[in-house]
2 protein chains.
Amino acid sequence: MAKHAGVSKAAVSKVIRNDYGVSDAMRERVRRAIDELGYRPQAAARALRGRAFTIGVLMRHIGIPFYAEIMTGLVDQLAESDYQAIMIQGGTRDKTEKRALDALIDRQVDGILLIAPLVGRTQVEQVAREIPTVVLGRHVRSPAYDSIVDDDRVGSELVMDHLIALGHRRIGHITFNQEQGRAAEHVPRIRAETYERVMRDHGFADEIAVVATSYSEEGGYDGARELLSRSPRPTAIFAGSDEAALGVLAALHEAGLSVPDDISVVGYDNTRLAAHPNIALTTVNQDGVVMGRMAGRLLLERIEGRTSAVHFSVVPSLVVRRSTAAPGSG
Amino acid sequence: MAKHAGVSKAAVSKVIRNDYGVSDAMRERVRRAIDELGYRPQAAARALRGRAFTIGVLMRHIGIPFYAEIMTGLVDQLAESDYQAIMIQGGTRDKTEKRALDALIDRQVDGILLIAPLVGRTQVEQVAREIPTVVLGRHVRSPAYDSIVDDDRVGSELVMDHLIALGHRRIGHITFNQEQGRAAEHVPRIRAETYERVMRDHGFADEIAVVATSYSEEGGYDGARELLSRSPRPTAIFAGSDEAALGVLAALHEAGLSVPDDISVVGYDNTRLAAHPNIALTTVNQDGVVMGRMAGRLLLERIEGRTSAVHFSVVPSLVVRRSTAAPGSG
DNA sequence: ATGAAAGCGCTAACAC
DNA sequence: GTGTTAGCGCTTTCAT
């Protein structure tokens, strides 16, 4: 490559990196040679000496619509930089997630975005000492890394206020049963705590009914069946996620109960499906695209040298659809 | 690292790669040092000389449930190897996909899985000359790379036979309007052609009604509205994908038509949502997990040296749910 | 069976 | 403003 342009390797390197100390003529000559040869610098070689120009994203699975929104924002933000986002699946077990995280580190990524990681604060801090790190979806404010969350307290309050304003008081909640250790920073815990607090604040402490399963469709299904078996049964169910709400709807359908006439249902996340007319789920919207874009910005800033931590919170909004109504209207 | 174990770098390298010519004592010593130091080889440095131990997967977006299945199979297959799968989003435009593909190549991946790529055969062949490549979801049999497809002819026949057996003859179809150039290898084209062929074979040539929009929910919505505006309107709609079928359901809902009493709807892909009781979509199941596992196997084989091309076809099956019934039953 | 040495393709520091 | 040089952390070849 350098030979073809009749210049030194260093000159080529400088042109590619837009480094200073290159004459226009030199730049032009190198540019032409690059085009003629279709030359592309090898990321591995660059990584060995400097940067890999790669942002690694760790997520449990792909296939989750909300994650897709995050990626849209991230890619959009990185588009103007020289950085590329690569993704890796961590799975749902500690061990597989660890392996995936190690794989990113081995590949010398310049920044890491952890989406709702299983790994705890201490371990993330260890990684963050070496590599700029942003955690999305964990309510933890470490000085060692940045975080981005939706304000789950506000979102949950929106849900509860909506239901209570409609006249509900026997409201059930389905949450995600996670390990206790670091649960305080976990989203399901915050949504559940807010649910309980609002219930108490309104004098409905006796009506509190929380079932801990998971945020999956299956978890919602099981949770709803459990809630329905109680007597009297709730007039509304606040599922901790849209996924779980889908399971709730399935269980209600199976039980021959109609929504919202017999029972109101609320989700959280505003996945694309919630908007479908056959579902029409009242839910909380958190702007994943904005969160992803912010993640990209924070990572680029850290790569450029910022060391102080930034903790960003997105304000959610309630989207009211046809799955909620006043109780006993059917 | 080598110093800590009191051996040469070459010895460490051999132990890590399970190369021959290492005594048990040496292996033991190196292993212990690795554990003590928590040593991990840098992929970038390895890539420069040998392999990156990385499989790159290019897909349009994450967030597509079927792609998640493919990844599950791929990761499962690679779990027993030293290879890691990383994903990159190509987006829906030629240009962004090209950029993503280049990014994988720059990162020296050892193998590439292209999921329903926009890029055409010639360009893929160029890549495949350098890097083992598997294409999933394109009906093209190149001698230069492997391919994995669902047998879309069989799947589409299953759909049509089902509808015709129920008594439908005015069946509409919604397809994906792609560039004509290389359309022959594209899935939507094959599904549409099979639809037309079966219609003709049964003497329903006059009833053929194809609307070309896209395989998205919006595309299905628009397509359905177009089909409903015709007179007489179809008694059944075969949407080319579940996504599109969701849009069809939305349009029917809006038009006050009930499914399946007024009109039957069939999708394709058996995404998780199709199974939800509020949707209950009759659709075609293609085993994404099997396809992903096969992709991993083919890539590993190619990395090990296979040069002849393998073309693998998965046999789909029909999943009948409540969105189809005999015509005029309502 | 083991180690010394060369070199993969870049970047950074320095000399000119 | 440009070229030369050293070296990033591995793998590979070749002595020993």
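Values below: all heavy atoms of this structure, side chains included; hydrogens, waters and symmetry mates excluded. Throughout, a chain's letter reflects where its sequence line sits, starting with A, and its residues are numbered from 1.
- Other residues, nucleotides and ligands contribute more than 12 heavy atoms inside 6.0 Å of the CZ atom of Arg27(B).
- Using modelled atom types, one side-chain atom of Thr133(A) and one backbone atom of Ile131(A) make a donor-acceptor pair closer than 3.5 Å.
- Across all strands shown, Arg17(B) has heavy atoms under 4.0 Å from base atoms, whether or not it also approaches the sugar-phosphate.
- The CD1 atom of Ile16(B) sits 14 Å away from the P atom of dG9(D) (whole-angstrom rounding).
- Applying a 4.0 Å cut-off to non-hydrogen atoms, the residues of residues 18-40 of chain A that approach DNA chain C are Tyr39(A), Arg40(A), listed by residue number.
- Here the P atom of nucleotide dC8(C) and the CG atom of Leu48(A) are 13 Å apart, to the nearest Å.
- In this entry the distance linking CD1 of Ile105(A) with P of dG9(D) reads 16 Å, nearest Å.
- Atom CZ of Phe53(B) is separated from atom P of dC10(D) by 12 Å (rounded to the nearest Å).
- Residue Arg49(A) has its side chain nearest to dC8(D) when only dG9(C), dC8(D), dG9(D) are considered.
- Summarising the geometry, the separation between CD on Gln108(B) and P on dT11(D) is reported as 14 Å, rounded to the nearest angstrom.
- Heavy-atom neighbours of Gln126(B) CD from other residues, nucleotides or ligands within 6.0 Å: at or below the threshold of 12.
- When Leu136(A), Val57(A), Ile115(A) are each tested for a side-chain contact (heavy atoms from CB on, under 4.5 Å) with Tyr67(A), only one passes: Ile115(A).
- In terms of phosphate contacts, Arg46(B) brings no side-chain nitrogen or oxygen within less than 4.0 Å of OP1 or OP2 of dC8(C).
- What separates NZ of Lys14(A) from P of dG1(D) is a distance of 9 Å, to the nearest Å.
- For the pair Lys9(B) NZ and dC10(D) P, the interatomic distance rounds to 9 Å; values are reported in whole Å.
- Counting non-hydrogen atoms of other residues, nucleotides and ligands closer than 6.0 Å to CZ of Arg297(A) gives a total of 12 or fewer.
- Set against dG9(C), dA6(C), dT12(D), the side chain of Ser13(B) has dT12(D) as its closest nucleotide.
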Does the salt bridge (Lys or Arg N to Asp or Glu O under 4.0 Å) test come out yes or no for Arg121(B) and Glu125(B), once each step is laid out? CA-CA 6 Å; Arg121(B) 171 179 173 143; Glu125(B) 284 180 343; 3.2 Å; yes

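- Remark: the backbone N or O of Pro117(B) is paired with a side-chain donor or acceptor of Arg138(B) at under 3.5 angstrom.
- In this structure, Val12(B) reaches neither bases nor backbone, as no heavy-atom distance under 4.0 Å exists between it and the strands shown.
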